[in-house]
Amino acid sequence: MNDADVKKSAALPTGRLPLSFVVKGLVADGLMARADAERVLSLRDRATRVHPIALLAEMNLRTPTPARELLDIERLTQWLAAKARLPYHHIDPLRVDFARVVEVMSASYASNYAILPIAVSSTEVTVATCEPFLDGWVREIEQISRKHVRRVVANPLDIERYTIEFYKLAQSIKSASRTSERSVVGNFEQLVELGSKVDADNHHIVTIVDWLLQYAFDQRASDIHLEPKREQGIVRFRIDGVLHQVYQVPPAVMQAMVSRIKLLGRMDVVERRRPLDGRIKTKVTSGPSAGREVEIRLSTLPTAFGEKLVMRIFDPEVVVRSYAELGFSEAEVKTWQELIHRPAGIVLVTGPTGSGKTTTLYSTLKQLATDEVNVSTVEDPIEMIDPALNQMQVQHGIDLGFADGLRALMRQDPDIIMVGEIRDRETADMAVQAALTGHLVFSTLHTNDSASSIARLLELGVPPYLVNATVIGILAQRLVRTLCPHCKKEGGPPNEALWKALVAPWRSPVPSRVYEPVGCLECRRTGYLGRTGLIELLVVSDKIRELIASGAGIAAIRQQAAREGLRSLRVCGAEKVAAGLTTIDEVLRAAPPFET
């Protein structure tokens with residue numbers, strides 16, 4: 001390739017994108033070495049079957065500059081968009097109403113021109129293309145839709161993938177809706193009951209549910225919500241603790257989807273008048289985690305418009321996470337290890353639903369469950385099945401509650417016991433008895449902070465002397481979103497008054513800089529990627545036992561714990577803010593103030 005060939009690249013092509021234009025343009029812009037260009041141009045035959053941008057991305061080429069930046073598919077697509085003088089767009093399926101966009105054109109038409117409609121308004125259709133110089137279709141779509149067409153450039157792999165997924169899913173939902181409408185005739189109530197069983201096995205419903213699960217895995221969702229409403233059923237994903245609406249489906253299709261999932265979870269499909277629980281074990285079928293087993297816990301709830309179903313997704317790998325990954329500092333890891341290796345006593349983990357208690361407990365039990373000890377649990381429900389643990393499910397229908405289960409476990413020669421939750425006096429008494437007889441007992445409580453757990457046990461009727469004799473440590477926990485490491489930006493120092501409110505009643509110097517969320521492809525434009533824990537670990541010392549025995553208030557216990565080195569949830573969060581892991585707003589949202 002000579003200089004004349006490079007200069008020719010300045011002329012924009014017409015029609016489909018040629019490989020030579022891309023290669024010569026990259027060389028002219030200093031993004032590709034000439035040797036790499038010669039190697040790429042030798043693959044002209046393959047370029048007729050693969051989009052040029054996708055072909056270059058497969059080769060993992062790097063720029064000739066000292067930075068040696070990777071020419072990945074998004075970087076190449078951004079370059080192409082700039083050349084075509086069109087906006088670059090990364091397709092986020094969470095923001096695409098594909099039931100609406102697929103009405104703009106047929107699947108074959110979209111595939112033929114390598115385009116995909118991604119948004120529709122009253123006056124405009126936004127269409128993603130990977131062939132920006134092929135524009136003969138624009139006038140046709142404008143005439144048919146009577147809307148202005150706004151073109152954006154997206155990467156060819158996303159366009160190909162989502163064209164298949166969006167049209168296939170929309171067709172499945174439409175076909176399932178027609179099937180449901182035909183089944184609901186004559187005696188309405190009777191046929192809904194009978195028809196729902198048939199719909200659950202309908203191949204369109206199977207396709208929809210399979211797509212839903214895989215889509216949730218791809219999006220890193222922790223929960224899937226299927227919510228029936230009067231007009232439309234709503235599907236939402238919880239990602240990094242925040243709910244996102246994914247799609248709306250007709251009520252009949254929503255009912256069939258719920259029935260299908262209940263069948264997979266071996267639940268009673270006909271029973272819709274009371275809450276039910278179940279579980280599914282499946283595998284991720286695509287993406288970097290393909291082949292990994294995933295457990296899904298199912299929970300139904302009867303509502304005004306039908307059964308609401310929540311699926312909580314548990315990654316088995318979560319139980320092998322290190323304490324540092326869970327948010328523990330080095331000092332807290334050392335203290336926690338001392339507590340969990342004591343021969344007897346009660347260790348409590350406290351916090352609201354979704355605060356990471358289960359993850360911490362399972363990670364701890366997994367570490368303790370060696371061949372030399374018997375680790376048994378009684379749970380409602382069993383969150384994650386682990387072969388190293390002896391797990392028992394609470395069965396309220398046969399009067400097998402936490403207290404009854406714990407009483408049974410005491411006769412099973414356990415070394416370590418985990419009780420899902422201490423909810424009443426009877427369960428608290430059994431946990432105390434287990435600790436007094438030489439067992440290490442783990443359990444959870446729903447309280448705001450660690451010191452409040454002591455007040456909660458006293459309210460349940462446990463005498464102060466038994467609290468002193470058994471409780472050895474209490475861990476309070478919250479989860480906050482962590483800043484995306486790929487796009488977070490450094491800001492100036494935080495507001496001094498806001499910082500003082502965050503760390504009160506302690507004093508801490510205002511950091512010279514904090515980081516702010518931006519948003520990129522890796523974090524799906526949110527600015528946050530993943531979550532970490534805020535930890536407040538209270539060790540029940542001799543002085544704290546004296547306060548409990550004397551009937552001192554919770555404020556006095558908090559103050560004594562602080563003097564002994566306890567870090568409040570907000571102080572833990574402030575340290576993570578100063579380290580650039582999260583933001584002040586996230587900590588204030590998740591953690592309660594330290595009350596004295």
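Nothing fancy with the numbering, it's 1 onward along the sequence.
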Contact summary for Arg481 and Glu586, nearest pair of heavy atoms: N-OE1, 2.9 Å
Please output the side-chain donor-acceptor pairs of residues 460-471 that fall under 3.5 Å, not counting sequence neighbours, one pair per line with the distance.
unit_1	atom_1	unit_2	atom_2	d
Asn468	ND2	Arg545	O	3.0
Thr470	OG1	Leu466	O	2.7

Inter-residue atom distance Leu212.CG - Met311.CE, 0.5 Å rounding: 5.0 Å
By side-chain hydrogen bond (donor to acceptor under 3.5 Å, both in side chains) - contacts of Lys262 (at least two apart): Glu307
Mutual orientation of the aromatic rings belonging to Tyr247 and Phe98 [parallel < 30°, tilted 30-60°, perpendicular > 60°]: parallel
Any side-chain donor near an acceptor of the partner, Ser568 and Trp506, under 3.5 Å: no
Given Val441, Val540, Ile474, Val419, the one that forms side-chain contact (heavy atoms from CB on, under 4.5 Å) with Ile346: Val441
Donor-acceptor contact below 3.5 Å, side chain Thr427 vs main chain Ile422: no
Distance in Å, Asn495 CG paired with Lys500 NZ, rounded so as to fall on 0.5 Å steps: 10.0 Å
Asp92 and Arg525 ion-paired at < 4.0 Å: no
Any Leu368 side-chain heavy atom under 4.5 Å of His341 side chain: yes
Other residues, nucleotides, ligands: >12 heavy atoms within 6.0 Å of Glu490 CD: yes
Summary of ring pair (Phe, Tyr, Trp, His ring centres under 6.0 Å) pairs that have at least one residue in residues 224-244, sequence neighbours excluded: Tyr215-Phe237
Side chain proximity check, Gln412 to Asn390, heavy atoms < 4.5 angstrom: no
Pairing residues for Pro494 by the side chain to side chain contact (heavy atoms under 4.5 Å, CB included) criterion, not counting sequence neighbours: Trp499, Val510, Pro511, Val514, Ile584
Where Ile224 and Ala216 come nearest, the two heavy atoms and their spacing: CD1-CB, 3.5 Å
salt_bridge(Arg589, Asp585) N-O dist < 4.0 Å: no
Check against side-chain hydrogen bond (donor to acceptor under 3.5 Å, both in side chains), Asp218 and Gln214: CA-CA 6 Å; Asp218 291 344; Gln214 186 56 49; 3.0 Å; yes
Partner residues of Ala455 under the side chain to side chain contact (heavy atoms under 4.5 Å, CB included) criterion, sequence neighbours left out: Ile554
Closest non-hydrogen atom pair between Ala369 and Ala388, with its separation: CB-O, 3.8 Å
Pairwise distance CD1(Ile544) to CG(Leu538) - rounded to 0.5 angstrom: 4.5 Å
Leu566 and Phe594, any side-chain heavy atoms less than 4.5 Å apart: yes
Side chain to side chain contact (heavy atoms under 4.5 Å, CB included) involving Lys334 - partner list, sequence neighbours excluded: Glu338
Side-chain donor/acceptor of Ser443 to backbone N/O of Leu348, under 3.5 Å: no
Basic-acidic side-chain contact under 4.0 Å: Arg297, Asp277: no
Results of side chain to side chain contact (heavy atoms under 4.5 Å, CB included) for Asp415 - residues two or more places apart only: Val373, Asn374
Gap separating the CZ atom of Arg312 from the CZ atom of Arg238, nearest 0.5 angstrom: 8.0 Å
Residue pairs fulfilling side-chain hydrogen bond (donor to acceptor under 3.5 Å, both in side chains) with at least one residue in residues 450-459, sequence neighbours excluded: Thr447-Ser453, Asp449-Ser452, Ser450-Glu536, Ser452-Arg558
Flag if over 12 foreign heavy atoms under 6.0 Å of CZ, Arg507: no
Arg407 side, atom CZ; Glu426 side, atom CD - distance, nearest 0.5 Å: 5.0 Å
Listed partners of Tyr515 passing ring-ring contact (aromatic ring centres under 6.0 Å, His included), at least two apart: none
Nearest atoms (heavy-atom pairs only) where Ile91 meets Val96: CG2-CG2, 4.4 Å
Any donor-acceptor N/O pair, Lys543 side chain to Gln560 backbone, under 3.5 Å: no
Test side chain to side chain contact (heavy atoms under 4.5 Å, CB included) applied to Lys576 and Leu534, step by step: CA-CA 9 Å; Lys576 288 178 168 54; Leu534 303 184; 3.8 Å; yes
Residue pair Asp424 / Phe402, side-chain heavy-atom distance below 4.5 Å: no
Any Ile416 side-chain heavy atom under 4.5 Å of Phe442 side chain: yes
Results of side-chain hydrogen bond (donor to acceptor under 3.5 Å, both in side chains) for Arg266 - residues two or more places apart only: none
Listed partners of Thr353 passing side-chain hydrogen bond (donor to acceptor under 3.5 Å, both in side chains), at least two apart: none
Nearest non-hydrogen partners of Lys229 and Pro251, listed with the distance: O-CG, 4.3 Å
Taking every non-hydrogen atom, the tightest pair across Arg531 and Ser222: NH2-OG, 4.4 Å
Those residues that, when tested against Thr583, pass side-chain hydrogen bond (donor to acceptor under 3.5 Å, both in side chains) (two or more places apart): Tyr528
Side chains of Leu264 and Leu298 in contact at under 4.5 Å (non-hydrogen atoms): no
Main-chain N/O of Gly420 paired to Thr444 side chain as donor or acceptor, under 3.5 Å: yes
Atom pair OG1 (Thr377) and CD1 (Ile417), whose distance is rounded to the nearest 0.5 Å: 10.5 Å
